[in-house]
2 protein chains.
Amino acid sequence: MPKAAGYCYAVKKGRKTGVFDTWPECEAQTKGYPGSKYHKFPTRDKAEEYLRSPNEVFASTTRALVEHARLIAQPSPTNQLAVASTSARAPLPVPTQIDSDSDIVYSDGSCRGNGQKGSYAGVGVWWGSDDPRNLAERCPGDQTNNRAELIAIIRILETTPHSSRPLVIKSDSRYSIDCVQKWLPGWKRKGWRTAGGTPVKNVQLIKYLAALLDERHQKSGSKVVLQHVYGHQGEQGNEGADALANLGATLPEVPEPDWDALRRAVETAMRKKAVEEAVSAPFGATATTTQLVVQETKPPSTGFVEPADVDEFEFGLELLAGDDELLNEIEQG
Amino acid sequence: MPKAAGYCYAVKKGRKTGVFDTWPECEAQTKGYPGSKYHKFPTRDKAEEYLRSPNEVFASTTRALVEHARLIAQPSPTNQLAVASTSARAPLPVPTQIDSDSDIVYSDGSCRGNGQKGSYAGVGVWWGSDDPRNLAERCPGDQTNNRAELIAIIRILETTPHSSRPLVIKSDSRYSIDCVQKWLPGWKRKGWRTAGGTPVKNVQLIKYLAALLDERHQKSGSKVVLQHVYGHQGEQGNEGADALANLGATLPEVPEPDWDALRRAVETAMRKKAVEEAVSAPFGATATTTQLVVQETKPPSTGFVEPADVDEFEFGLELLAGDDELLNEIEQG
RNA sequence: AGACACCCAUUCGA
DNA sequence: TCGAATGGGTGTCT
């Protein structure tokens, strides 16, 4: 509540451009300047990043995306099934250029009127300006912010081919990250009950997301880094995903996939691979256990984003051991 | 989110005047035209009403008001006390003609540079063109838009004699109306904390306003109707109050009244009356509990202002039962 | 009690 | 498009 000034103002269009420490300074550059563009940020870093980022990130991406999303979204005899099937969820073509050590992608969910009747939610995935892998989709099923955030991450994993490079997913949803990072093991143990004894929400989504992560680790051995970023800090990628999510929320309703079926399909594939490996190397070599690396950033109020803290979590076939449904299937099949 | 074009543009001063359906048409009449006056409206009705409304409703009122306001406002040995005392806040003379079933009055607050250092706020009350009860006053104390809006309503209640007819106060401040309409009971219960746990702002103002409403209900049994109107829709009364508020903001600073003292004075008077009534009619007759009627209008985007929905709220001695300070005073007095 | 999101509403202004 | 003044809520977990 203390109005402790600690803000910066980035002026992108104005008499002088640059970063200014006080509002009056910023105002002096923008007031009365036609088409001025400026923004408040909690840190100088963020302000500078905003200045560096291109002005119209999504303009050209948008139209194509809307069309793409509409096609997928509109229930019709020819594509209704496809939407809910895994095949329609196959990876998109990857751009040919490979330019960095790890793949970075932003996810975001939005939900107009969250908690209200008649709310509508959207999902956004942003790889870069004009990147064909970008997504703007209507959130299927219940329209809540948290579902949209989870599904955004799921959609990334569904549409991104495995690769040897780490995949860095940046989300501003602490909830989504914590679901897979810190709460999932306990939930498995305690039968998907919250600390308050109530059933965990969005279980199908969370289980499917966990399965997708497991699959990726098992197949490629590569890392998935879930990194939390604070929303609305001017970070280009987050803003991009946000805009795409808002766009997605305007699309027509879509049928909800059968998340459990999707998860089982993934798990079946994993089991096959596990069996093959066990057969070819039966000398006590345990199933692949890879790491889910979760990167943490400091909250924006600290002023600096320090070198990311890294928490590491065991992942892999743990799920097989903790899931009754799966054990049953294995026993019977 | 749909940018569904359905707007009209009224040009009051420009190359051609009238109502135009598109922004380019409107722009053509106004761009570069010195002193152009134009406005966007959601409906043609509103646009036409704006054109019909006299251009300078207040011109003749203004000079007298400025003088009047200056006299009241200027702190001087002879009137400084009067400003803060209830006696100086006595009702103004009412015009002799009585012309309708209920009294309608518009309130508005304005605040130049709201939130900035050096902002200055004004209070406007509009009864009609050239009505002597009109007010244009500088906002005392902190200069914020919301304080000005609250004080505008307070000033109406302070300066308007009780009457058997309902008093309709039209304000464009949803905040002010909600303060007394929907949030006040909860605030009393929860110790004047907001939903986020922070202290409610402008508490003295709100308490005093509530006391004035209670007093009015108790004394006269008449209704006070708080009606929300949307700002800048061309409604004459709202525009009038707006102009007066802007005028008030240009007046010199005024000392801030002791709102708590004012409230206590009102509450003391109420208690006396309550006691008298209890004595003269001790047969379980409860204290007067009247209704605060809150009228709601549709937002302007719907295009039509339908017959007002009416929500009714219990008011009256509830405050006596919920205010510890008061209970203490009663016990001691 | 805390955290991260998602918003909703009305103003006041530049 | 940007700022501030002000309030209300849900989604979710610990």
Side-chain angles (χ1 to χ4, degrees), chain A residues 3 7 9-14 23-24 26-27 30-40 108-117 119-122 139 142-150 171-179 181-184 186-187 194-196 198 200-202 206 228-232 242 245-246 249 299-300, chain B residues 108-117 119-122 139 142-150 171-179 181-184 186-187 194-198 200-202 206 228-232 242 245-246 249 299-300:
Chain A
K3 189 143 290 179
Y7 291 111
Y9 302 85
V11 177
K12 188 177 269 188
K13 280 192 191 177
W23 169 246
C26 170
E27 198 180 22
T30 55
K31 190 171 172 178
Y33 190 92
S36 62
K37 276 208 167 181
Y38 49 95
H39 208 298
K40 184 172 81 169
D108 196 34
S110 92
C111 183
R112 301 301 163 124
N114 189 30
Q116 252 56 45
K117 220 191 79 173
S119 61
Y120 43 101
C139 174
D142 287 347
Q143 307 289 296
T144 74
N145 65 329
N146 288 335
R147 280 177 48 85
E149 302 269 16
L150 284 171
S171 165
D172 62 20
S173 170
R174 173 76 66 183
Y175 164 73
S176 298
I177 294 175
D178 284 347
C179 276
Q181 175 207 321
K182 45 158 57 145
W183 300 329
L184 193 129
W187 284 340
T194 69
T198 61
V200 170
K201 306 277 177 67
N202 306 325
I206 296 164
H228 180 254
V229 296
Y230 286 89
H232 307 113
D242 179 69
N246 277 294
Chain B
D108 196 36
S110 90
C111 184
R112 301 303 167 121
N114 188 31
Q116 254 59 43
K117 222 190 79 171
S119 60
Y120 43 101
C139 174
D142 287 346
Q143 308 288 298
T144 74
N145 62 331
N146 287 335
R147 279 178 49 85
E149 302 270 16
L150 284 170
S171 165
D172 62 20
S173 169
R174 174 76 67 180
Y175 164 73
S176 299
I177 294 175
D178 284 346
C179 276
Q181 174 208 321
K182 43 153 67 141
W183 300 330
L184 193 131
W187 284 340
T194 69
T198 61
V200 170
K201 306 278 176 64
N202 306 325
I206 295 164
H228 180 254
V229 296
Y230 286 88
H232 308 110
D242 179 68
N246 277 299

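In the text below, chain A, chain B and the rest are named by the order of the sequence lines, each starting its count at 1.
- In this structure, CG on B:N145 lies 12.5 Å from CZ on B:R112, to the nearest 0.5 angstrom.
- In this structure, of D:dT10, D:dG7, C:G13, it is C:G13 that holds the atom nearest to the side chain of B:R112.
- Note: CG (B:N202) to P (D:dG7) measures 8 Å, nearest angstrom.
- Taking every side-chain heavy atom of B:C111 into account, C:C12 is the closest of C:C12, D:dG11, C:C6.
- Look at CD on A:Q116: it is 11 Å from C1' on C:A9, rounded to the nearest Å.
- Taking the side chain of B:Y230 as heavy atoms from C-beta on, and the options C:U11, D:dG7, C:C6, the nearest nucleotide is C:U11.
- Nucleotide C:C12 holds its C1' atom 13 Å from the CD atom of B:Q143, rounded to whole Å.
- Residues A:W183 and A:I206 are not in side-chain contact: their nearest non-hydrogen atoms beyond the backbone lie 4.5 Å or more apart.
- Looking at the side chain of B:S110, the nearest of the listed nucleotides C:C7, C:G13, C:U11 is C:G13.
- Of all nucleotides listed (C:G13, C:C12, C:U11), C:G13 comes nearest to the side chain of B:N246.
- Atom CD1 in A:I206 sits about 9 Å away from atom C1' in D:dT12, given to the nearest Å.
- Among the nucleotides D:dT6, D:dA4, C:C6, the one closest to any side-chain atom of B:R147 is D:dT6.
- Here the side chain of B:S119 pairs no donor or acceptor atom with the backbone of B:C111 at under 3.5 angstrom.
- At whole-Å resolution of the value, CG in A:D178 and C1' in D:dT12 are 10 Å apart.
- One atom, CG of A:D242, and another, P of C:C6, lie 7 Å apart when rounded to the nearest Å.
- The nearest whole Å value for the distance from the OH atom in A:Y120 to the C1' atom in C:C6 is 13 Å.
- Toward the 5' end of RNA chain C, the nearer of the two residues B:T144 and A:D172, judged by each one's closest nucleotide, is A:D172.
- From B:I177, atom CD1 reaches atom CZ of B:R174 across 6.5 Å, with rounding to the nearest 0.5 Å.
- With values rounded to the nearest 0.5 angstrom, A:T144 atom OG1 is found 9.5 Å from A:E149 atom CD.
- You'll find that the side chain of B:K201 is closest to D:dT6, out of D:dT6, C:C12, C:C8.
- With rounding to whole Å, A:D142 atom CG is found 13 Å from D:dT10 atom C1'.
- Side chain of A:R174, nearest nucleotide from D:dG7, C:A3, C:G13: C:A3.
- Listed nucleotides D:dC13, D:dG7, D:dA4 differ in distance to B:N145; the shortest reach to its side chain belongs to D:dA4.
- Residue A:G113 is the one, among A:G196 and A:G113, whose nearest nucleotide of DNA chain D lies closer to the 5' end (criterion: closest heavy atom).
- By the 30° and 60° cut-offs, the orientation of the rings of B:H228 relative to B:Y230 is perpendicular.
- Under 4.0 angstrom from either OP1 or OP2 of C:C12 there lies no side-chain N or O belonging to B:N146.
- If you check every strand for non-hydrogen atoms under 4.0 Å, A:G109 touches sugar and phosphate atoms only.
- The nucleotide whose nearest atom lies closest to any side-chain atom of B:H228 is, among C:C12, D:dG8, C:U10, C:U10.
- Taking only side-chain nitrogens and oxygens, B:W187 comes nearer than 4.0 Å to OP1 or OP2 of D:dG8.
- Within the structure, every side-chain polar atom (N or O) of A:N114 is placed at least 4.0 Å from both OP1 and OP2 of C:A5.
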